[in-house]
Every structure is written in C-alpha cells, then in structure tokens.
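Reviewing the structure listed below.
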Amino acid sequence: MEKSLPLNDWHVKKSNRVINRLHGFIHGGALAALFYYRITTIAAAAKSSSPILPHLLIFAAEFTLSFIWLLAQAAKWNPVRRNAYPERLPGDDNLPAIDVFVCTADPVKEPSLGVMNTVISAMALDYPPHKLHLYLSDDGGSPVTLRAVKEASRFAEVWIPFCRKFGVKNRCPQAYFSRELQSGDDDFLVEKRYIEKAYEDFKISLAKIATTTDNRVSRDHPPIIEVINDANIDKDPKMPLLVYLAREKRPSHHPHHFKAGALNVLLRVSAMISNSPYILVLDCDMYCNDPKSARQAMCFHLDSKLSPLAFVQFPQKFYNLCDKADIYDGGIRYAWEKWEGLDGLRGPILSGTGFYIKREALYGTPQLQKNVDSNELMKCFGSSKEFINSVHKHYKPNYRSDNVLQKEVKFLASCSYDDGTKWGEQVGFRYFAVVEDYFTGLNLHCEGWKSVYYEPSRPCFLGTTPISLGEVLVQLTRWSLGLNQVAFSKFSPLVYGSLRMPILQSMAYAEIAFYPLYFLPVCILALLPQFCLLRGFHLYPQVSSPFFPLFVFLFFSSQAKHVQDILIMGYPIRTWITEQRMWMMRSFTSYFYANIYTIMDKMGLKKASFLPTDKAVDEGAATLYEKGVYNFEAPSLFMVPFCTLYMLNLASFLVGFVRILRGEKGMLIEAFIPLFGLVLHLPLLEGMVVRKDKGRVPTKDFVASLLVSSMLLVLGYAAFPSYS
C-alpha cells in the first residue's frame, strides 16, 4: 500500500539557532561580568562617603534589562519554519466545517465599508460553501451595521460566483478593484465591469445608510440575532451561511468583558446553528487576502502527529504600511520573529486575529469527559441543555427556524448567561485580562494544547495598523495594561506557567507579560546618567578602567544582534532605527502609564478599560505617514514627557561636552547615552523647533515641556551632589 504524503512539514532554521545560542552564551557571560562590576562598585560606595543611591538605581535598570533579555532567549532557542500542502487534503466532502467570527464594535471608528469587505472576503474563501458559516458580532448593536451586512450579502451573491468562475485570488472587493490590472479575455472584462459597477452601487448604498441611519453605539438593548441568508440551509447552498449577532447589553449589568465576552457569545450561538469543529477569528479590519488559508490551516489541524493542536496562528500583515517609511513600527516584525521561535517549542501565542482554533479546545478538556455529571456540566457551561447537548454531539448544522431554538439562541446571547458558570475562567475565551488572546493562549498551553505558526509566501490576512503616533501609543498602553494584569497576578507565567508547561515556553510567555517593565530601565537611563553628567558624578568606568571595554562590548553586542535579526528576516537596515526609536517612545510613555494604571487598579482607584482603535482614515495623518514624517499631534499626556526628556538630554549633553573640552575625559559613557538619544530622536527636535506643518509638536506641549524640563534641571542640579 502506497504511503500517503504528509499534509505539512517543517525544518529547523539551523544557522539562526547556532547564531542565537552562541550570542546568548557570549552576551550572557558579559552580563555576568557587568554584575560583578556593579556589585563591587556598590560595596565600595557603601564603605566610602560616595552616594550609593545612583549605583543602586543603575543596577536596577541593568538588572531589569538583563532579566527581560534572559527571558527573550527562549524564543530564540529553536526557530522553525513550516510548509503546508493543501493539494494533499481529502476531497471537499471529507473536510471539516468552519465557523468564521468577525467582531466589530463601533460603525464610526470602524467604518462599515471596511467591515463588510472583511465579511465578503471571508465568505469568498476557497472552501465548500455548505461547510463555511460566517457570524458578524456587532458589539455596538448599531442599525447601521445590520443594514450594511444585508447589503453585503446581496453583493456577495454576485461577487463570490465571479471569484470562483475566474479563480480570483484577491477576494476582498475593495483591494481587488484598487490593485488588480485590467487584463483578460473579453468575457472576463465584460463580467468584471459589471461586478465593478455592482460594487460601486454597494458603496453608495453603504454611504447612504451611514448618513440616514442612527450610528450611535447602544449600551442598552436586547440580544439581536438574524440569519441573513438562510434560503438553502438544508440543501446544497451556493453561499456560506451569514448571521448577524448583537449580544444583549444592559447598563445595570457589568462587566461585559470586551472582545472576549463577544467571542464567547458567538461560540455559544454558533453551536446552536452550525456547530463547526473549527473556528476562524478575524478582526473587522483584517480581510482574507488568500482564499486558501482555510485549507492551509486544515493541513495542520488534520495531522494526527500534531495532536493535541488547539490553533494555527497566521501572522498579521498590514496593507496600509508604507514599506519605505514604516516610521511607527506598525509591522511589529519582532513579534513574528518570536512566534517563529516559539513554534520550535510548543507553539506561538494566540494573537487576537487570523487564527483557526479548534472548538473543543475552547470548551476545556475536563468538561468534555463523557462521565462528567450533568449538574457539573450546567455549572460549567450554563443552564442551556440545548447547548450542553451540542458539546458532545457530532458536528452537524443544527439550524432550525422554529421559535424554540430562536428563544434558546437569544438566551445564550443574554448578558447574564455567564453568571455563575465557568465561562471566561475555564471555558471559552478567558476574561481575566483585556488581552484576552494572550491570556487564552496561556491557559490553552497550560492545559497541554499545542499551537502552530504558519507564514506562507502570500499573506493570508491583511489589515490596517495605526499610522499616527497618538493612536499607536494609545493602543500600546491598552495592550501593556492587559499584560500587566497577567504579569502581576496568580497567573504570572513564571509561576503559574512554569508549573504547567515547559520552562522555555513559560519564559517566552513571561517575556511578553513583563515587556512593560522596560519603562523602568529606560526612565532611569534617560535621567540618571544625565544628572550625573551635569554634576560630574562617575556612574560608569572611566576609559582607563579594565571594565570600560565591557560596557562598549555589551552595547555593540546587543545592537549587532538586533541588526542581524532584522537583516536575516529580509528587512532593511533602517528598520533598526525605527524599532530603537519606537521602543524608547513606548517605554517612556505607553509602558510607563500602563504601570501607573496597574498600580492605581491594584489600589482600587481605576479600572482597566477598552476602546477600539480608530479604523477611520485621517487623510492628514496618512499624507504625513506616506512621506515618512512623524505626526506629533498626539495627546499631551504622551508628548510633554517625551519632549521634556529630550530637552533634559540636550542640556546635559551640552554641559558634558564642555566638560570633555576642558579635559575631563572620564565621563565618555555618561556623555554617549544622551548623545545616542538625541541623534536617534532628531525627528522630535525637528517637530519642536523646525517644522511648521500640522504634524509638528503643538506649541502648548513645547512650552509645557520647556517649563517642566527647566524645573527638573534646577531641582536635579541642586539635589544631586557634585563629585569629581
């Protein structure tokens, strides 16, 4: 009997692994020498009259940087690369069904045209239509979205057959009509013009809906569930099933658990209608760029050698990035480098969108055991017997149009259904943190599930990323706050994770969780050496010291490794500048405020909140971004601290430079630190002093920064003792 060919394969990236491990051992040895120097310096300061606090602070900064660096080595230990062979899959009749979840929340911040393009592209996936079911969750309960999805369904009836007939690869209509060339035979061109006219009419209808319909987000409404195209559910449909859902929202019932709550309602409702064994989760702005993604994912899910496999994670790619000037680091290259490394352990972290997950994994393994008492199941899954029955039954569509099922579905979408159950704790997407994807993935891996990271040559999903500094920093603050919720809790990966998963994987989760701690070393390094430079206090070894080359080596070692990581992934060298610049900006603003909010939250002063990133296009911001020019029209909460920091570094460097000209050669490192920051952030200086356009630093922020930096210089100079 001929052996069947594998559906997928993988290989270790051996050269990367050797370089990563070799650099880890050498750099780690240098860090050990650094700590020896710091400990002996602190001990010497304790025995003398020299202040010990500056040495303790710089030690804390270096220790934090080294701690996160050590955790980062786990993701570099065994990077792998995977391939999938969808042509080897069984016939369409033997493929499992898939439910697609698309989440939206606000028709103003997330315009309907973009959301509906995502919906249509998912409906057009290259997969048997009777095994594809799409659910749109409208967490704002907006009539605009409901009317828009009905229009999208009508347009999809002509769009999807066109894509199948001519083998269209780009099945997002907005992307197709804006990028595809006008070429082909006469029949194709005639039909394409007809479809393009239909799409223009579709856009006009959405614009009319937006202007004539109330677009306010509702926080007080009953559950709304409407099957949009149910004509041929029980036959052989030409179109995938499309369902609109707005879960119940009541002001008196709190919390609603943000996106995780919406996904869990989708999980329950879909079990009553289609009950597919696999689920694709998409953000509303992340359209399907390759129609074969479902088949590619099944190459892993249907491979018994990978069992128990919870999810297949695709990378997030963004069509609104400017390749020549990704000035806000929107491509998050460093994340996908880590995910590739994690794939060599037990799999990557769940990333919010673009993943195919097994329904069974979300239900929780203990709850799925056949001998579990029915009362225990009700405590776990809730009081719906219909839903509990769906957990153990074969995966076949359950949709019926009778009133009994409709009542049951609305009950499952009620805001109080989770109360007293294990939903969000042991079942479904987890509620504990606003980063529900990270926390859910952590729990799944702790329960023994695996995951796979797959990056094909053609991006399977394309979305939008913020292209203004303010939106970037707001988004990062929200993410960082969620990571802090996990890092400083009983679920901390270093404790909770290390007891339930391999140590390297728990280290990888811990690195992500503790990433906001970068605020501490960046704040210290942005202020302490500068005040030492102003007062002539030696914080680092002088040029004549045998430890001076050690600090030089550590700096160039870390930067050279960063450059190597960038180049080996095919990115240009300018990416290094962008990532260094944005890392400092994030650390001094987003990470700093996330830690402040975390402390306030622990004290009961402030609760975590979630706001969707604005997907509407700001033409002014887009124009500046395309030119590679920073838009500093960010909230003052971000700009004033960063401008203040720049002014402090400028003043300290000028004083230090004068000292060096006078012959004080012993403070080169103290002078280099502000110089490095000043050169790296030259665009900020231009935004404060040179530029006159709309994206410059606002005058009020510049004046406030000037006043604050002046006061800090006076206070710091007076409070910090002078030692030569």
Does a side-chain N-to-carboxylate-O contact under 4.0 Å join [X] and [Y]?
| X | Y | result |
| --- | --- | --- |
| R696 | E633 | no |
| R581 | D329 | no |
| D565 | R333 | no |

Could you state the interatomic distance from [atom1] ([X]) to [atom2] ([Y]), rounded to the nearest 0.5 Å?
| X | Y | atom1 | atom2 | result |
| --- | --- | --- | --- | --- |
| C523 | N595 | SG | CG | 9.0 Å |
| L53 | L528 | CG | CG | 8.0 Å |
| L71 | L517 | CG | CG | 10.0 Å |
| T353 | D285 | OG1 | CG | 7.5 Å |
| S66 | L34 | OG | CG | 6.5 Å |
| I512 | I349 | CD1 | CD1 | 4.5 Å |

Mind telling me whether [Y] and [X] have parallel, tilted or perpendicular rings, with 30° and 60° as the class edges?
| X | Y | answer |
| --- | --- | --- |
| F63 | F67 | parallel |
| F592 | F588 | parallel |
| F432 | F491 | perpendicular |

For [X] versus [Y], what's the shortest heavy-atom pair and its separation?
| X | Y | result |
| --- | --- | --- |
| S636 | P641 | O-CD, 3.7 Å |
| S351 | W339 | OG-NE1, 2.6 Å |
| I327 | V629 | CD1-O, 3.5 Å |
| T440 | E436 | OG1-O, 2.6 Å |
| Q313 | P348 | CB-CG, 4.1 Å |
| A508 | L342 | CB-CD2, 3.0 Å |

Any side-chain heavy-atom pair from [X] and [Y] closer than 4.5 angstrom?
| X | Y | result |
| --- | --- | --- |
| L624 | D693 | yes |
| F676 | M584 | yes |
| F642 | H681 | yes |
| Y328 | T578 | no |
| F514 | T64 | no |
| L481 | T477 | no |
| V697 | R691 | no |
| L533 | P674 | yes |

Practice task
Determine, step by step, whether W576 and Y571 satisfy the side-chain contact (heavy atoms from CB on, under 4.5 Å) criterion, reporting the C-alpha distance in whole Å, the side-chain angles of both residues, the deciding distance to 0.1 Å, and the verdict.
Solution key: CA-CA 9 Å; W576 170 78; Y571 287 77; over 6 Å; no
Just by modelled atom types, is the [Y] backbone N or O under 3.5 Å from a matching donor or acceptor in the [X] side chain?
| X | Y | result |
| --- | --- | --- |
| Q73 | W69 | yes |
| S492 | F488 | no |
| K47 | I42 | no |
| D343 | P79 | no |
| Q485 | V434 | yes |
| S705 | V640 | yes |
| N484 | P516 | no |
| S558 | F555 | yes |
| Y431 | F258 | no |
| Q530 | L525 | yes |

Handout entry: Test side chain to side chain contact (heavy atoms under 4.5 Å, CB included) applied to E455 - qualifying residues, sequence neighbours left out
Key =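 Only R81, P315, K317, Y453 meet the side chain to side chain contact (heavy atoms under 4.5 Å, CB included) criterion with E455.
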Exercise for the section: Mind running side-chain contact (heavy atoms from CB on, under 4.5 Å) on Q316 and M286 for me, showing each step along the way? Expected result: CA-CA 8 Å; Q316 296 176 31; M286 187 67 65; 4.1 Å; yes
Any donor-acceptor N or O pair under 3.5 Å, side chains [X], [Y]:
| X | Y | value |
| --- | --- | --- |
| E670 | H538 | no |
| S468 | N631 | no |
| K561 | N20 | yes |
| H27 | S557 | yes |

Problem - Neighbour count above 12 (heavy atom, 6.0 Å) for F35 CZ - result: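 Enclosed.
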Exercise for the section: Using the side-chain contact (heavy atoms from CB on, under 4.5 Å) rule, take M501 and L442 through it: C-alpha gap first, then chi angles, then the decisive distance, then the call. Expected result: CA-CA 10 Å; M501 65 173 75; L442 171 64; 3.6 Å; yes
Practice task
Among Y509, Y438, Y496, find the residue that satisfies the ring-ring contact (aromatic ring centres under 6.0 Å, His included) test when tested with H445.
Solution key: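 With H445 as partner, ring-ring contact (aromatic ring centres under 6.0 Å, His included) holds for just one option, Y509.
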Problem - R574/D326 under salt bridge (Lys or Arg N to Asp or Glu O under 4.0 Å): CA gap, chis, key distance, verdict - result: CA-CA 9 Å; R574 63 175 175 270; D326 180 18; over 6 Å; no
What about the rings of [X] and [Y], do their centers lie closer together than 6.0 Å?
| X | Y | answer |
| --- | --- | --- |
| F531 | F537 | no |
| Y630 | Y625 | no |
| Y518 | Y515 | yes |

Exercise for the section: Measure from NZ or CZ of R17 to the centre of the six-membered ring of W77, then state whether that distance is under 6.0 Å and the direction lies within 45° of the axis. Expected result: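 Relative to the ring axis of W77, which defines the angle, R17 lies outside at least one limit.
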Problem - Aromatic F551 / basic R38 pairing, under 6.0 angstrom, 45° off normal - result: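 No.
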Practice task
Kindly indicate, with the supporting measurements, whether the criterion side-chain contact (heavy atoms from CB on, under 4.5 Å) is fulfilled by L713 and L534.
Solution key: CA-CA 9 Å; L713 282 170; L534 286 170; 3.7 Å; yes
Problem - Verdict with supporting geometry, K259 and D283, salt bridge (Lys or Arg N to Asp or Glu O under 4.0 Å) - result: CA-CA 10 Å; K259 183 180 176 182; D283 281 346; 2.7 Å; yes
